[in-house]
Structures are given as structure tokens and as C-alpha cells.
Number of protein chains: 2
Amino acid sequence: MARTQGSHSDITGPKVREAALRLFARHGYAAVSMRQIAGEVGVQAGALYNYTPDKQSLLMDLMKGHMDELIAAWEHQSSARDPMAALEQFTRFHIRFHSKRPEAVFISYMELRNLNPENFIVIEALRRTYEDVLADILRAGVNKGEFSVPEPKVAAMAVIAMLTGVNTWYRDEGRLSLAQVEEIYWGMVRKTVAA
Amino acid sequence: MARTQGSHSDITGPKVREAALRLFARHGYAAVSMRQIAGEVGVQAGALYNYTPDKQSLLMDLMKGHMDELIAAWEHQSSARDPMAALEQFTRFHIRFHSKRPEAVFISYMELRNLNPENFIVIEALRRTYEDVLADILRAGVNKGEFSVPEPKVAAMAVIAMLTGVNTWYRDEGRLSLAQVEEIYWGMVRKTVAA
DNA sequence: GTCTATAAAGAGATAGAC
DNA sequence: GTCTATCTCTTTATAGAC
């Protein structure tokens, strides 16, 4: 009832994605109805289908968008240097990037089950691409004798799990600043792979 | 259609829990219907209500059961020793316990959102209890000068996140045995908190 | 203890008016 | 581009027969 008819494709589209992001993160994909999303946007349920062919595509767009942004952001800011510097850069980048997008991160880790098989394959490949960034850094450090890591791929997954875990407890209003959290985690990561 | 009428309370009860565990882990709580659970058990949907007052209680029972077992298992096997030995024991215990119950672990981490507020508080308290076990070990090691950990509680969450991450990739049929995985992770954890 | 049947509500998606 | 209305299906949970 809030609005009468009108044309708002340029603003409604993003609003649909934002509402879906917020609601999927809070309640889970399966628990959120198209009517709830429409309610947040301020339109009726039928109007959503001007912006997405179906609910599944909405989820896939959010997850693929997040993974593409993550990888592009790393490629944009990563500067080739020695393994130790690259590892520090990766650690700080991961914490900062993920802390700014808690909802997208949450969805990308929690809603893999709700992707249909074709979409799942795409997202999994992107996740592996990102893990391989870190695994390659670790391998380079091992070759240079700076790191001691028996299984670079396993260590990469372990470090990423540790870093992503920040999102489960970090709050902007909390006792520790993000800069302090970065320091603490960089200290741990450095030691984890140390020679 | 599979069965005619009969009395099976002693076996149907556990089967309901097992089916819910499997289905919730695979598809997510919200995506699973009581009819699906009933189908797995081999009864009609209405019969489930002899074993659980509602779907929410089924989820809560699974999650609380898992957390209670986790804490009891640690208390049963933990032997008070020096911090380094306790840390190794915790590391190996965590990996072993969690690798044996991938479905319960998955549910306990993914379905927190789907607990009602009262149930959520209970599960969160149990999770904190478990985190504090590790935080206390780390504090003891810092006091003894064996560990260097600026924030024991943060480090505890970081280590637990790293260890729980094993469940996202470990498979019994995979290249690495669980014993090898234990060795790799113990090596990393030891270094992470090293003085 | 399980069945069948059903109540009451809500789901995803579409059609056609404006 | 959005609305209202609706189709069709599924949901949780309950009632009463056996």
C-alpha cells in the first residue's frame, strides 16, 4: 500500500538484491519468502519477477557477485613481492574485505546447499581459485625456505578458516579495533607457517 | 505404504532423530519438511508427533545432544597435565570427535539462526563453555611462559575455527588419513601459539 | 502407535489490467 | 513496472478411527 504504480527499475533492482542479501543472511535462503523480500522493498511479490527469473537466481547472483568481487579485489591490490610480504598482505586483505561484507560472507558459506547443481559447481570453482591464491603463496615461501608447511593446500584451507572465523565474533563496537584484530591474526598466521 | 499399523516406539524414536540429522545436514532445517523425515523413517507425517512436539524441538534436541556429548567427551578424556600436553590433547580430540560426527557438526554451526531465542541462548552458552576450555589452556601456557598469545579468547576461537574447518574437506577415502591430518594440524596449532 | 483425512496458512510463480 | 488476483502445491500440526 505504500506506493502507487510507477516506474523505478533503476532503483528497485538494487533494492531487491539488498533486501534478499539482508533477509537470506538473517533467516536463511529457504526460510525467506518472496513475499518477505517484496515487503522489504516496498512492492508486491509479483513485481520481483521483473528483476529475477526466480528465487534461485537471486541467491546465485548474490553469491557469484560476492566471489567475483573478492577475487577481483585481491587481483587489483596484490603486488608481487616476496612470500612473507604476500602472506601478510593476504591476511590483512582477507580480514578487511570479509569484515566489510558480513552478510555476503555468511550467505556464501551457509547457502551452498541451496544452490542447484550447476550453480554449485560455479561457486565451488571460484572458492578453489581463491584458496589457490594462498596455497601458491605458501608454496613460494616453502621453496624460498621461509615457510615450513607440509601440505600447502591444507594449510591454505586452515588459514582461511581461521581468518574467516573473525566474522563470527568481530563487531565494530567491540573492545578490539579491526586494526588490532589484524595484528593479532597476522601474528598467528606468521607463526603458523613459520620455518 | 511400506508398513501396516504396529507399535515400534523404541526403534522409531531414534530413527526419527537419525533421519532428521541426515536431512537437516544435507538440505538445511528450513528446507526439510516433516513429510520428508517421515518418508525416511517409513511412517506418515502425523506419526512423528508421537516423538517430538514440533519441528523446532527436533532441531534443538539434535543440537543440544551434540554439544552435551562434545563437552562430556572432553571432560571424560581430558587429563590434567601441562599446557603443551593439554593443547595437543585438545587438538587431537577436537579433530577426532568432529570428524566422526560431520552431520551433527554441520547442523550445530549452520542452524543457529533457526533456533528460537530461548533455545539459541542455551546452545550459545554451551559453545562458550567449550571455547573457554581451550582459552584456559592457552592462559595456563602463557602463565608458564610456554605460549605467546596476546588474546587467549581470540586465539581460542581462531584455533577452533581452524580445526573445525577440517570437516569442510576431510573425507575418509581421501589422500590423507585422519592420523596424518591430526599431525599436520597439531604442527600448525603448536606453532600458532608458540612463545 | 500409526493411519487417513483435513484444517489453516503460506509458498513460488504467472496472467492480465493499468 | 507494478498492481491485484489467482493457480497449484506444500507446509505444520491436529483429530479421530483402528
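The figures that follow rest on heavy atoms only: side chains count, while hydrogens, waters and symmetry mates do not. Residue numbers begin at 1 in each chain, while the letters A, B, ... track the order of the sequences.
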Check: What is the bend of the helix from C/dG1-D/dC18 to C/dC18-D/dG1 when you compare the axis at one end with the axis at the other, using five pairs each and rounding to 10°?
Finding: 0°
Notebook entry, point to check: With a 3.5 Å cut-off and no angle check, do the side chains of B/His98 and B/Thr164 form a donor-acceptor pair?
Noted result: no
Next item on the list: Please check the phosphate of C/dT2 (OP1 and OP2 only) for any side-chain N or O of B/Gln44 closer than 4.0 Å.
Entry: no
Margin query: Between C1' on C/dA13 and CG on A/Leu58, what's the gap in Å once rounded to a whole number?
Written below: 14 Å
Note to self: Side-chain heavy atoms nearer than 4.5 Å, only ILVMFWY residues, links allowed to pass through others: does that put B/Leu115 and A/Met110 together?
What the structure shows: no
Check: Is B/Ser33 near enough to D/dT10 that one of its side-chain N or O atoms lies under 4.0 angstrom from OP1 or OP2?
Finding: no
Check: Can you find a side chain N or O atom of B/Thr12 that sits less than 4.0 Å from OP1 or OP2 on C/dT2?
Finding: yes
Next item on the list: In whole angstrom, give the distance that lies between atom CD of B/Gln36 and atom C1' of D/dT11.
Entry: 11 Å
Notebook entry, point to check: What pairs meet the salt bridge (charged side-chain N to carboxylate O under 4.0 Å, His left out) rule with one or both residues in residues 37-66 of chain B, with sequence neighbours excluded?
Noted result: B/Arg22-B/Glu40, B/Lys64-B/Asp68
Checklist line | Whole-Å distance separating the OH atom of B/Tyr49 from the P atom of D/dT14 | finding: 7 Å
Note to self: Closest-nucleotide mapping onto DNA chain C: is B/Ala47 or A/Asp54 further toward the 5' terminus? I mean the 5' end.
What the structure shows: B/Ala47
Margin query: Please report the distance, rounded to the nearest Å, between CG in A/Leu48 and C1' in C/dT14.
Written below: 13 Å
Next item on the list: Let me know the distance between CD1 of B/Ile37 and P of D/dT10, rounded to the nearest Å.
Entry: 17 Å
Next item on the list: Measure the distance from CE on A/Met34 to P on D/dA5 and round it to the nearest whole Å.
Entry: 20 Å
Note to self: Nearest whole Å is fine: how far is C/dA11 C1' from A/His27 NE2?
What the structure shows: 16 Å
Check: The side chain of A/Arg35 lies closest to which of these nucleotides: D/dT14, C/dA13, C/dT2?
Finding: C/dA13
Check: Does B/Met162 reach the side chain of A/Met188, with side-chain heavy atoms less than 4.5 Å apart?
Finding: no
Check: Relative to the ring of B/Phe93, is the ring of B/Tyr130 parallel (under 30°), tilted (30 to 60°) or perpendicular (over 60°)?
Finding: tilted
Margin query: Any heavy-atom pair between the side chains of B/Trp169 and A/Val154 that's under 4.5 Å?
Written below: yes
Check: Separation of A/Asn50 atom CG from C/dT14 atom P, in whole Å?
Finding: 12 Å
Next item on the list: For residues B/Trp74 and B/Phe97, establish whether the separation of their ring centroids is below 6.0 Å.
Entry: no
Note to self: I want to verify a distance call: between C/dT2, C/dG12, D/dG1, whose nearest atom is closest to the A/Tyr51 side chain?
What the structure shows: D/dG1
